[in-house]
Amino acid sequence: MSDHRLAQLNIAALKAPLDDPALADFVALLDPINALAEASPGFVWRYVDENGADATAARPFGDDLIVNFSLWADRDSLWNFTYRSGHLDLLRRRREWFTRMAAAHQVMWWVPAGRIPTIEEAGERLALLRANGPSPEAFTFTDSYPPPSAPPTTAETGTPETATRAGAGLTPPRPASPSSS
Amino acid sequence: MSGSGIEAVGVLAEPLRRKLYDYVAERGGDVGRAEAAEAVGARRNLVAFHLDKLVEAGLLDVTRGKLTGREGPGSGRPAKLYRRSHREHAVQLPPRDYGTAAALLADAVERAGADEALYASAREEGERRGAAQAAQNDGGAAGDSGSAAGGPVSAAALAHWLEHHGYEPAPVEAAPGSDAQTPARAGAHPLLRLRNCPFDAVARSHPPLACGMNLELLRGLLSGAGADSFRADMAPAPRGCCVLISAIAADSKTNLD
């Protein structure tokens with residue numbers, strides 16, 4: 001396994017409040033799908049709000065925007081959970097519950113193993129993708145980038161330690177999240 | 001692009017090669033030379049020659065592996081194993097590019113948030129296909145399909161129809177409930193898995209859209225053909241088509257939506 005983890009954030013605009021009958025099917029799927037994620041190969045971590053079960057109460061980006069924020073071992077494990085598991089059926093029905101967003105609503109980026117990114121950082125990554133399009137710092141499934149590795153000049157002999165530093169150096173250093181230990 | 005497609009298809013013009021290709025594709029996994037030779041009833045050397053021609057044309061992939069039961073020292077060097085290649089081969093004369101059209105249309109549907117319009121179109125097309133299939137059967141051509149005109153549709157007939165529409169149905173092998181990727185639904189038991197995805201390229205670029213479209217196409221096919229003792233559900237797995245066909249137990253039919 002690489003020494004980086006893949007972080008992903010997606011946001012979705014609710015068509016109605018979560019307690020509205022129109023959202024009942026979606027709400028009923030939350031627990032099973034979250035359990036499925038946790039049982040999926042490559043799952044590392046997912047963001048939960050104060051209620052501790054899911055992230056539907058936290059609305060860091062707007063009152064009608066719910067967030068999905070998690071860490072995975074690599075692109076394949078996130079892909080297999082997203083599109084090749086029971087989660088696909090939820091995506092298939094997304095227009096029943098969510099309005100379409102014109103701007104990018106999903107972003108991915110690499111995080112050094114052991115560090116848990118903050119929701120603020122996730123928001124910044126999405127803003128970066130929206131402003132500049134896909135880059136190694138903020139990308140999508142369609143335009144994805146490999147985890148940071150040794151810079152080309154030292155690729156032959158580079159030690160993993162140097163590689164990690166060099167990769168992390170692409171983004172400004174951030175204070176450790178309180179939830180990481 | 002079309003040149004390599006023509007060559008690949010040309011390689012299949014040889015009847016024994018065609019038989020070998022069909023056999024390996026149908027097995028859905030690695031096939032050794034001896035097994036293939038036995039299946040098509042030809043000499044092993046001849047079969048090896050044709051299998052390698054299929055590899056050269058990009059129709060089969062080859063791996064080195066040991067067949068079970070011949071492990072450990074003294075079992076000899078690993079045998080060549082063959083499986084169908086994931087590469088797509090298309091021949092279109094004059095040149096056409098439906099792949100790009102499909103990708104652009106899928107993109108537009110996604111931008112417009114028009115998933116449900118696509119599903120409705122797919123459903124209607126499926127119903128038309130199903131009705132045409134049923135009409136053909138009622139016309140007396142039911143012979144090999146195992147379903148009497150106007151009578152219930154048999155599982156064999158259904159598999160035959162799915163093949164006709166570009167799917168590769170295979171019986172669900174594992175015992176019910178033993179496969180986490182094949183969720184058991186109340187009153188329905190998993191019957192057929194579809195080994196291939198007919199919309200593979202779009203399913204990779206626009207998964208929810210393409211898989212949702214495919215599901216509605218299959219649901220339409222079932223309802224249009226009056227195959228009401230079967231149902232189609234999403235049950236994606238890392239490989240193959242995302243749709244699972246189940247047989248509905250007679251006593252739970254009334255609970256259907």
Side-chain angles (χ1 to χ4, degrees), chain A residues 8 10-15 22 24-26 28-29 31-33 35-43 68 72-106 108 130 134 139-144, chain B residues 103-104 106-123 179-185 190 193-197 199-219 231-244 246 257:
Chain A
Q8 72 79 31
N10 69 65
I11 60 177
L14 289 168
K15 275 189 169 173
D25 282 1
F26 173 71
L29 283 166
D31 283 349
I33 294 296
L36 181 66
E38 289 180 0
S40 295
F43 171 85
N68 191 323
W72 294 80
D74 49 36
R75 183 186 183 277
D76 278 359
S77 50
L78 177 59
W79 175 276
N80 283 336
F81 165 68
T82 308
Y83 297 127
R84 306 307 301 167
S85 80
H87 181 261
L88 179 66
D89 205 36
L90 187 148
L91 289 178
R92 179 180 67 87
R93 299 178 63 187
R94 60 199 169 174
R95 298 290 159 247
E96 295 176 33
W97 309 311
F98 307 114
T99 51
R100 195 192 68 85
M101 261 184 278
H105 50 88
Q106 172 158 43
M108 296 168 207
R130 286 177 169 182
F139 51 88
T140 63
F141 270 133
T142 312
D143 298 284
S144 62
Chain B
L104 289 173
D107 223 55
V109 169
E110 204 144 89
R111 282 187 194 211
D115 304 25
E116 283 165 357
L118 174 62
Y119 299 162
S121 296
R123 178 74 172 220
D179 181 357
Q181 299 288 357
T182 307
R185 271 160 232 268
R193 271 259 167 220
L194 307 171
R195 273 202 319 270
N196 70 321
C197 169
F199 312 112
D200 191 64
V202 196
R204 283 171 201 274
S205 61
H206 301 81
L209 266 190
C211 299
M213 174 185 81
N214 187 35
L215 177 65
E216 291 306 324
L217 204 50
L218 284 161
R219 284 182 170 168
R231 59 179 289 163
D233 293 290
M234 282 289 230
R239 290 193 348 195
C241 171
C242 53
V243 176
L244 171 74
S246 302
D257 48 346

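In the text below, chain A, chain B and the rest are named by the order of the sequence lines, each starting its count at 1. Predicted, not measured: the structure shown is a model, and the values here were computed from it.
- Inter-residue side-chain proximity for A/Leu88 and B/Cys242 is flagged as met; some heavy-atom pair is nearer than 4.5 Å.
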Intermediate values then yes/no, side chain to side chain contact (heavy atoms under 4.5 Å, CB included), B/Glu110 and A/Arg100:
CA-CA 9 Å; B/Glu110 204 144 89; A/Arg100 195 192 68 85; over 6 Å; no

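- Contact annotation for A/Arg92: both backbone and side-chain heavy atoms come within less than 4.5 Å of a heavy atom of chain B.
- One finds the CZ atom of A/Phe141 at 13.0 Å from the CZ atom of B/Arg204 (value rounded to the nearest 0.5 Å).
- If you take OH on A/Tyr83 and NE2 on B/His206, they are separated by 9.5 Å, rounding to the nearest 0.5 Å.
- Pairing each heavy atom of A/Gly86 with each of B/Pro236, the nearest pair is N-CD, 4.4 Å.
- Partner of B/Pro208 under the side-chain contact (heavy atoms from CB on, under 4.5 Å) criterion, chosen from A/Arg95, A/Arg94, A/Arg93: A/Arg94.
- A/His87 is linked by a ring-ring contact (aromatic ring centres under 6.0 Å, His included) to A/Phe81, counting only residues two or more places apart in sequence or in another chain.
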